[in-house]
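Since we're looking at a predicted model, the values are computed, not measured.
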Amino acid sequence: MQSSDQQRVLIFDSHLDISMNAMEWNRDQRWSVERIRKSEQGMKDKPDRGRNTVSFPALREGKVGLIVATQIARVVKPGGPIPGWYSQEQAWAHTRGQLEWYRTMEEAGELKQITSAATLNESLELWEDPGEHTPICYLLSLEGADSILSMKHLESAYQNGLRAVGPAHYGPGVYANGTDSAGRLNARGVELLRTMEQFNMILDMTHLNDDAFWHALEIYKGAIWASHNNCRRFVDHNRQFSDEMITELIRRNAVIGIALDAWMMVNDWVRGASDPVKRNVTLDIAVNHIDHICQLAGNALHAGIGSDLDGGYGKEQCPCDLDTIADMQKLPGMLEAKGYSGEDIRNIMHLNFVRFLKQFFNGQGV
Ligand SMILES: [Zn+2]
């Protein structure tokens with residue numbers, strides 16, 4: 001690990017459900033990926049048991065030093081197809097539990113929270129010369145805003161370091177409808193965005209349905225990014241962005257994190273049935289999605305990595321040349337083979353998101 005450190009490029013991953021894995025999958029993120037896999041042998045309660053790809057040691061091995069880490073809790077109606085809580089109060093309490101886990105990992109020296117320009121700079125310094133115990137530096141985000149009971153609760157979340165919010169997730173939502181649904185933001189959604197703007201928060205465009213996507217762009221004047229999204233050009237599904245959407249995000253100075261979920265990388269993937277080896281899903285396909293954004297932008301300043309690894313799926317739904325998140329270190333060489341310069345590669349692997357956050361924290365607009 002130490003000897004190869006000069007070659008490894010720092011990686012910023014803009015979407016990891018770390019606390020969800022700790023608190024719902026019972027995965028102690030301090031363990032090696034292998035140890036977690038062994039602990040899950042024979043378990044059948046989740047589709048990805050024994051096939052995780054993320055843990056703190058693997059993040060360090062892959063020099064994934066800066067991440068956007070989520071809180072996530074949906075509100076659903078009984079009997080619906082998507083799992084979730086039956087009240088906003090329960091969802092709020094659930095995200096508080098996730099926050100408490102992040103805090104406990106900070107106390108243990110495993111994590112360090114990024115909330116400001118100063119903490120971002122400290123984090124970058126730590127990762128200039130990382131050691132075996134260097135904390136993973138995380139910016140707190142919320143995937144789907146159902147758990148935000150009121151704007152007072154949003155304020156409390158902000159005070160706890162929440163800096164990025166995606167209003168929707170899958171299907172109907174409290175503030176906006178997400179993937180596989182339709183409709184503009186509702187009145188509460190508009191209020192949410194106005195309040196986020198006042199607090200200076202990042203609006204995460206990921207998971208907004210097409211109507212809400214355009215509505216949100218129309219009304220939100222603050223910083224926007226897309227934490228984990230791929231290109232509809234290659235995967236014809238509303239979860240991904242059309243060229244028109246990507247072009248508008250680029251115009252608004254967003255960075256788009258490319259996800260390593262096989263379902264989002266190739267057409268017609270069937271969860272639980274398709275096989276990454278048979279479908280030849282490799283990291284090269286992620287590079288094609290990155291390249292498409294760069295081609296639309298005319299530069300390499302708007303694409304990043306938002307892997308979403310262990311986001312409710314494991315190796316059975318990952319590129320077959322990725323065993324753990326540390327294998328994201330294969331991406332720089334693949335980008336180089338596609339003609340990207342060293343500077344382009346550093347931009348894609350971390351600098352685009354770092355630059356975005358520096359501008360965001362300095363209040364210069366993004
Ligand atoms: Zn997601």
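Considering CZ of Arg184 and CD1 of Ile219, their distance stands at 8.0 Å, rounded to 0.5 Å.
Checked options Arg60, Arg103, Arg30; the residue passing with Glu110 is Arg60 (criterion: salt bridge (Lys or Arg N to Asp or Glu O under 4.0 Å)). Tested against Leu66, the residues Ile136, Leu120, Leu139 include a single side-chain contact (heavy atoms from CB on, under 4.5 Å) partner, Leu120. Tested against Ile18 for a side-chain contact (heavy atoms from CB on, under 4.5 Å), the candidates Asp310, Leu59, Val68 yield a single pass: Leu59. When Gln71, His228, Arg74 are each tested for a side chain to side chain donor-acceptor pair (under 3.5 Å) with Glu143, only one passes: His228. The salt bridge (Lys or Arg N to Asp or Glu O under 4.0 Å) test with Lys315 is passed by exactly one of Asp275, Asp323, Asp48: Asp323.
Between Phe356 and Trp225, the ring planes are tilted. Angles from 30° to 60° get that label. Ring orientation note: the planes of Phe353 and Phe12 are close to parallel, at an angle under 30° on the 30°/60° scale. The aromatic rings of Trp85 and His94 lie tilted to each other, with the angle between the two planes from 30° to 60°.
Applying the under-4.5 Å side-chain rule to Ile, Leu, Val, Met, Phe, Trp and Tyr, the cluster around Val270 consists of that residue alone. Taking a 4.5 Å side-chain heavy-atom cut-off between Ile, Leu, Val, Met, Phe, Trp and Tyr, the cluster of Ile36 extends to Trp31.
Glu40 pairs by the salt bridge (Lys or Arg N to Asp or Glu O under 4.0 Å) definition with Arg27, Arg49, not counting sequence neighbours. Annotation: side-chain contact (heavy atoms from CB on, under 4.5 Å) contacts of Thr134 (sequence neighbours excluded): Leu126, Trp127, Pro130. Partners of Thr104 according to the side-chain hydrogen bond (donor to acceptor under 3.5 Å, both in side chains) rule, which considers only residues two or more places apart in sequence or in another chain, do not exist here. Applying the side-chain hydrogen bond (donor to acceptor under 3.5 Å, both in side chains) criterion to Thr247, with sequence neighbours excluded, gives no partner residue. Applying the salt bridge (Lys or Arg N to Asp or Glu O under 4.0 Å) rule to Glu89 yields no partners; only residues at least two apart in sequence or on another chain are considered. Residues satisfying the side-chain hydrogen bond (donor to acceptor under 3.5 Å, both in side chains) criterion with Lys112, sequence neighbours excluded, are Glu122. Applying the salt bridge (Lys or Arg N to Asp or Glu O under 4.0 Å) rule to Arg188 yields no partners; only residues at least two apart in sequence or on another chain are considered. Annotation: side-chain contact (heavy atoms from CB on, under 4.5 Å) contacts of Ala297 (sequence neighbours excluded): Ile250, Asn299, His302. Partners of Tyr313 by ring pair (Phe, Tyr, Trp, His ring centres under 6.0 Å), not counting sequence neighbours: none found.
A donor-acceptor pair under 3.5 Å links the side-chain atoms of Thr206 to the main chain of Ser227, judged by distance alone. Without hydrogens or angle criteria, Asn209 side chain to Asn177 main chain gives a donor-acceptor distance under 3.5 Å. Under the 3.5 Å distance criterion, the side-chain polar atoms of Arg163 are left unmatched by any main-chain donor or acceptor of Leu140.
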Verdict with supporting geometry, Ile114 and Tyr138, side-chain contact (heavy atoms from CB on, under 4.5 Å): CA-CA 6 Å; Ile114 299 169; Tyr138 79 102; over 6 Å; no

Worked verdict on Leu335 versus Lys338 for side-chain contact (heavy atoms from CB on, under 4.5 Å): CA-CA 5 Å; Leu335 286 162; Lys338 220 174 168 74; 5.6 Å; no

Ile67/His15 under side-chain contact (heavy atoms from CB on, under 4.5 Å): CA gap, chis, key distance, verdict: CA-CA 7 Å; Ile67 65 173; His15 192 81; over 6 Å; no

Residues Leu309, Cys318; criterion side-chain contact (heavy atoms from CB on, under 4.5 Å); working and verdict: CA-CA 8 Å; Leu309 290 172; Cys318 281; 3.6 Å; yes

Please tabulate, one pair per line, all N/O donor-acceptor pairs under 3.5 Å involving side-chain atoms of residues 192-201, not counting sequence neighbours.
residue : atom : partner : partner atom : Å
Thr195  : OG1  : Glu191  : O            : 2.7
Glu197  : OE2  : Lys221  : N            : 2.9
Asn200  : ND2  : Phe360  : O            : 3.4

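When side chains are defined from C-beta on, Leu142 does not count as touching Thr70, because their heavy atoms never get closer than 4.5 Å. Asp17 has its side chain within reach of Asp308: a pair of non-hydrogen atoms, C-beta onward, lies under 4.5 Å apart.
Within 6.0 Å of atom CD in Gln90, more than 12 heavy atoms from other residues, nucleotides or ligands are found, so the atom counts as buried in its surroundings.
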